[in-house]
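Down below is the structure, laid out as structure tokens.
Starting from 1, each residue takes its place in the sequence as its number. Heavy atoms only: backbone and side chains are in, while hydrogens, waters and symmetry mates are out.
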Amino acid sequence: MKSCAAVIGAGVIGTGWICRFVLHGWDVKVFDQAADTVAQVEPTLNRARQALAALYRDKLPAEGQLLFVDSIADAVTGVDWVQESIPETLALKRDLYTQIARQLPADVPLASSTSGFKPSDLAADLDCASQLLVCHPFNPVYLLPAVEVVAGRQSLPTLAGHCAEILRGVGMQPLVLQTEIDAHIADRLMEALWREALWLIADGVATTQDIDEVMRHSFGLRWAQMGLFETYRLAGGEAGMHHFLEQFGPALAWPWSRLTDVPAMDQALIEK
């Protein structure tokens with residue numbers, strides 16, 4: 001029997017999840033209150049069919065069936081996974097979980113795509129707290145394999161590992177966080193880089209094109225093959241990370257970055 005996922009919210013991220021599941025053989029039930037949901041999903045699914053197939057040496061499984069439903073109850077009935085991808089409003093998400101919990105069996109994972117909220121904040125005092133966790137993907141979800149898997153204080157101890165296995169089955173590369181934290185891992189790293197880039201623009205050091213070019217033609221190429229720490233370990237030569245930190249560690253104390261300072265988002269910076 002095919003597995004079936006419910007995707008609640010068919011915006012950019014939700015639609016990416018739809019494509020990811022359908023193209024890896026899962027049936028998917030979609031609920032979104034927007035009137036143009038079908039018109040938004042189908043073109044993206046067509047693009048994903050072409051793009052995803054080009055990444056695989058072996059054939060993808062037979063596609064799952066896609067069904068658009070008219071209620072949350074219809075969406076979550078008889079499914080093996082629920083993926084919530086509605087707007088980043090805590091009260092809105094918690095209200096949705098309350099509705100889902102009335103229909104969802106206790107052994108079905110309820111995953112949120114949130115990029116910022118901790119699962120314990122999402123699940124506080126809800127009946128479905130033990131089955132709720134964060135599975136935060138990256139856009140486009142149907143192409144980028146990384147997904148941050150974050151369990152909360154009330155999550156079942158085995159939930160994160162179980163969900164990671166399911167996600168591997170649809171071609172994803174799950175990263176199970178050791179502890180929950182606001183904005184998880186990747187968005188915190190990206191925000192630090194984003195903040196520094198905004199200062200370079202605000203201070204007249206570089207244009208947006210300059211910054212994008214230096215990223216694309218230098219460390220962006222490296223990071224696509226090696227992570228941050230592996231890059232620095234190799235930069236240390238045969239002595240590895242020890243030598244690198246001895247040589248370049250003192251530079252961390254130099255005033256090279258603005259750290260947590262944020263430039264004023266005034267009209268002049270926005271126009272730049």
Side-chain angles (χ1 to χ4, degrees), residues 55 88 113-121 133-141 143-153 155 157-161 163-165 167-168 171-266 269 272:
L55 297 179
E88 291 285 270
S113 299
T114 180
S115 60
F117 293 124
K118 293 183 290 189
S120 292
D121 293 336
L133 78 168
V134 168
C135 292
H136 171 240
F138 298 85
N139 185 40
V141 182
L143 286 183
L144 298 184
V147 55
E148 295 173 312
V149 178
V150 193
R153 291 189 300 273
S155 302
T158 57
L159 183 64
C163 290
E165 285 302 308
L167 292 166
R168 289 188 187 98
M172 303 197 83
Q173 181 66 41
L175 170 64
V176 179
L177 270 65
Q178 298 180 39
T179 187
E180 58 182 340
I181 186 173
D182 291 325
H184 324 314
I185 295 176
D187 278 358
R188 297 176 76 95
L189 295 172
M190 287 191 292
E191 184 180 309
L193 186 59
W194 170 236
R195 185 187 305 117
E196 196 65 29
L198 289 173
W199 274 118
L200 293 171
I201 295 167
D203 291 343
V205 176
T207 66
T208 56
Q209 182 177 356
D210 293 335
I211 292 169
D212 284 351
E213 288 294 296
V214 76
M215 292 174 67
R216 289 196 302 146
H217 296 293
S218 62
F219 57 82
L221 292 172
R222 285 200 309 245
W223 286 357
Q225 303 300 321
M226 301 178 289
L228 179 66
F229 283 92
E230 186 174 4
T231 297
Y232 288 162
R233 179 181 65 81
L234 293 176
E238 292 186 6
M241 185 65 84
H242 285 91
H243 174 68
F244 178 83
L245 291 177
E246 288 172 2
Q247 185 171 3
F248 297 105
L252 293 174
W254 300 347
W256 279 3
S257 74
R258 297 295 188 103
L259 298 176
T260 58
D261 293 338
V262 180
M265 284 294 160
D266 54 25
L269 179 57
K272 274 191 173 184

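- Considering CE of M215 and CH2 of W223, their distance stands at 6.5 Å, rounded to 0.5 Å.
- Of all the heavy atoms in P119 and L133, the pair that sits closest is CB-CA, 4.3 Å.
- Within the 4.5 Å cutoff, no side-chain heavy atoms of T231 are placed close to those of Q225.
- When all heavy atoms of V134 and F117 are compared, the closest pair comes out as CG2-O, 3.8 Å.
- For the atom pair E196 CD and I201 CD1, the distance stands at 11.0 Å (nearest 0.5 Å).
- For A164 against V176, the heavy-atom pair with the smallest separation is CB-CG2, 4.0 Å.
- Atom CG of residue L269 and atom CG of residue D203 lie 9.5 Å apart, to the nearest 0.5 angstrom.
- Remark: the backbone N or O of S115 is paired with a side-chain donor or acceptor of E88 at under 3.5 angstrom.
- Sorted by first then second residue, the side chain to side chain donor-acceptor pair (under 3.5 Å) pairs that include residues 181-190, not counting sequence neighbours, number zero.
- For P145, the side-chain contact (heavy atoms from CB on, under 4.5 Å) partners are Q173, not counting sequence neighbours.
- We find the CG-CG distance between L55 and L143 to be 6.0 Å, quoted to the nearest 0.5 Å.
- Shown here are the side-chain contact (heavy atoms from CB on, under 4.5 Å) partners of Y232, two or more places apart in sequence or in another chain: L228, M241, F244.
- A salt bridge (charged side-chain N to carboxylate O under 4.0 Å, His left out) check over residues 206-216, counting only residues at least two apart or in different chains, returns the pairs E213-R216.
- Considering only residues two or more places apart in sequence or on other chains, E191 meets the salt bridge (Lys or Arg N to Asp or Glu O under 4.0 Å) condition with R195.
- Between atom CD of residue E148 and atom CD1 of residue I181 there is a gap of 11.0 Å, rounded to the nearest 0.5 Å.
- Atoms CD1 and CG, from I185 and L177 in turn, are 4.0 Å apart once rounded to the nearest 0.5 Å.
- Contact check for E180 versus D121: no side-chain heavy atoms found under the 4.5 Å cut-off.
- Contacts of R168 classified as salt bridge (Lys or Arg N to Asp or Glu O under 4.0 Å), with partners at least two apart in sequence or in another chain: E165.
- The local environment of NE2 in H217 is crowded, with over 12 non-hydrogen atoms from other residues, nucleotides or ligands closer than 6.0 Å.
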